Amino acid sequence: MFARRIGEHNPDGAARSAVQAVALGLIVATILALIGAPLAPRLLALMGASPAVVKQGSGFTRVMLAGNATVLMLFMINAIFRGAGDAAIAMRTLWLANALNIVLGPCFIFGLGPFPKLGLVGAAVATNIGRGTGALYAFSRLVRSGGRFDITRAHLRLEPAIMMRLLRLSATAAFQLFIGMASWMGLVRIIASFGTDAVAGYIVGIRVILFALLPSWGMSNAAATMVGQ
């Protein structure tokens, strides 16, 4: 929607869509946090995790679900910038978020210097701080004047019609991602029967594959922006 409004030379429509997207994202993130965080141990158990893994991983999962708004807002606002054709801000935002995550991760995990030693939970805390800082930076750039579109006080109201259109447009992509995620979760559930070491190796392998897929994601985002505009 943002790319289309920019392509139509309709900055007011782009600003309205951006505000509604941020509001909708906050609503979805709140629902996920309220429902998902308390169920963290049960979700891990459903995935086939052993009691020891559930005990160690529940804190990490609970913190990540409770703070999912930081991740959602980071990628939501970055999508707005990419749709507007300003990928440079999105790139700088991710640089900031990932740099903080890399630096703070060992500090909170191992308790380096003045930081508390939180173990696995520390990784979630560092991720939320890094992503949250990136989201705040992106939001500050979003509301500043002089960009491709300006958000004014008149745009700061809820418009259910635009929210519903955003939901309808995202439904197909969400279903496509759900298929991939469901298949991944199914494989993890099967591999969990071979033990914790097998699951750890599988997840490391998935991370390597995701790194190899980054160029395709970049090109797909660029194609979506160009076609939309």
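Being a predicted model, the structure only gives us computed values, none of them experimental.
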Inset, instruction - Find out if a path of hydrophobic residues (ILVMFWY) with successive side-chain heavy-atom gaps under 4.5 Å connects V19 to L72. - result: yes

Inset, instruction - Determine whether V143 and F81 fall in the same hydrophobic cluster, where Ile, Leu, Val, Met, Phe, Trp and Tyr are linked whenever their side-chain heavy atoms lie under 4.5 Å apart. - result: yes

Inset, instruction - Any chance you could lay out the side chain to side chain contact (heavy atoms under 4.5 Å, CB included) test for K117 and F108, step after step, and finish with the verdict? - result: CA-CA 6 Å; K117 184 178 180 180; F108 280 107; over 6 Å; no

Inset, instruction - Start with the C-alpha distance between F194 and V199, add both sets of side-chain angles, then the distance that settles side chain to side chain contact (heavy atoms under 4.5 Å, CB included), and finish with yes or no. - result: CA-CA 8 Å; F194 294 97; V199 174; over 6 Å; no

Legend entry - Heavy-atom donor-acceptor pair, Q20 side chain to E159 backbone, under 3.5 Å: yes

Inset, instruction - Determine whether the side chains of H155 and D150 contain a donor N or O and an acceptor N or O closer than 3.5 Å. - result: no

Legend entry - Under 3.5 Å: donor-acceptor pair, side chain of N78, backbone of M91: no

Legend entry - Same apolar cluster: I162 and M164, side chain cutoff 4.5 Å: yes

Inset, instruction - Answer yes or no: is there a side-chain heavy-atom contact under 4.5 Å between S58 and L44? - result: yes

Legend entry - Non-hydrogen side-chain atoms of R131 and N98 separated by less than 4.5 Å: yes

Legend entry - Steps toward side chain to side chain contact (heavy atoms under 4.5 Å, CB included) verdict (D86, I80): CA-CA 9 Å; D86 199 347; I80 293 173; over 6 Å; no

Inset, instruction - Please examine the side chains of L169 and R165, heavy atoms only from C-beta on, and report whether any two atoms are closer than 4.5 Å. - result: yes

Inset, instruction - Write down the atom of G36, the atom of L43, and the distance for their closest heavy-atom approach. - result: O-CD1, 4.2 Å

Legend entry - Minimum-distance pair of heavy atoms, taken over all atoms of A138 and I77: CB-CG2, 3.6 Å

Legend entry - Between CG on residue N68 and CG on residue N128, distance to nearest 0.5 Å: 8.5 Å

Legend entry - CZ-OG1 distance between F139 and T93, expressed to the nearest 0.5 angstrom: 13.0 Å

Legend entry - Any L118 side-chain heavy atom under 4.5 Å of V125 side chain: yes

Legend entry - Residue pair T152 / D12, side-chain heavy-atom distance below 4.5 Å: no

Legend entry - Partners passing ring-ring contact (aromatic ring centres under 6.0 Å, His included) against F75 (at least two apart in sequence or in another chain): none

Legend entry - Donor-acceptor pair, side chain of N101 and main chain of A97, under 3.5 angstrom: no

Inset, instruction - Decide if atom OH of Y202 counts as having more than 12 heavy atoms of other residues, nucleotides or ligands within a radius under 6.0 Å. - result: yes

Inset, instruction - Taking all non-hydrogen atoms of both residues into account, name the closest pair between F60 and A123 and its distance. - result: CE1-CB, 4.0 Å

Legend entry - Polar side-chain atom of N10 near backbone of R5 as donor-acceptor pair, under 3.5 Å: no

Legend entry - Euclidean distance, L142 CG relative to L136 CG, rounded to 0.5 Å: 12.0 Å

Legend entry - Minimum-distance pair of heavy atoms, taken over all atoms of R62 and A40: N-CB, 3.8 Å

Legend entry - Heavy-atom pair with the smallest gap, counting every atom of A33 and P38: O-CD, 3.8 Å

Legend entry - Pairwise distance CZ(F149) to OG(S17) - rounded to 0.5 angstrom: 8.5 Å

Legend entry - I109-L112 co-clustered via ILVMFWY side chain contacts under 4.5 Å: yes

Inset, instruction - Give, for atom CE of M163 and atom CG of L24, the distance between the pair rounded to the nearest 0.5 Å. - result: 5.5 Å

Inset, instruction - Determine whether F110 and L104 fall in the same hydrophobic cluster, where Ile, Leu, Val, Met, Phe, Trp and Tyr are linked whenever their side-chain heavy atoms lie under 4.5 Å apart. - result: no

Legend entry - Residue pair V103 / P106: nearest heavy atoms and the distance that separates them: O-CD, 3.5 Å

Legend entry - Check against side chain to side chain contact (heavy atoms under 4.5 Å, CB included), I151 and L156: CA-CA 8 Å; I151 295 177; L156 302 180; 4.1 Å; yes

Inset, instruction - Would you give the length of the straight line joining atom CG of L65 to atom CG of L34, rounded to the nearest 0.5 angstrom? - result: 11.0 Å

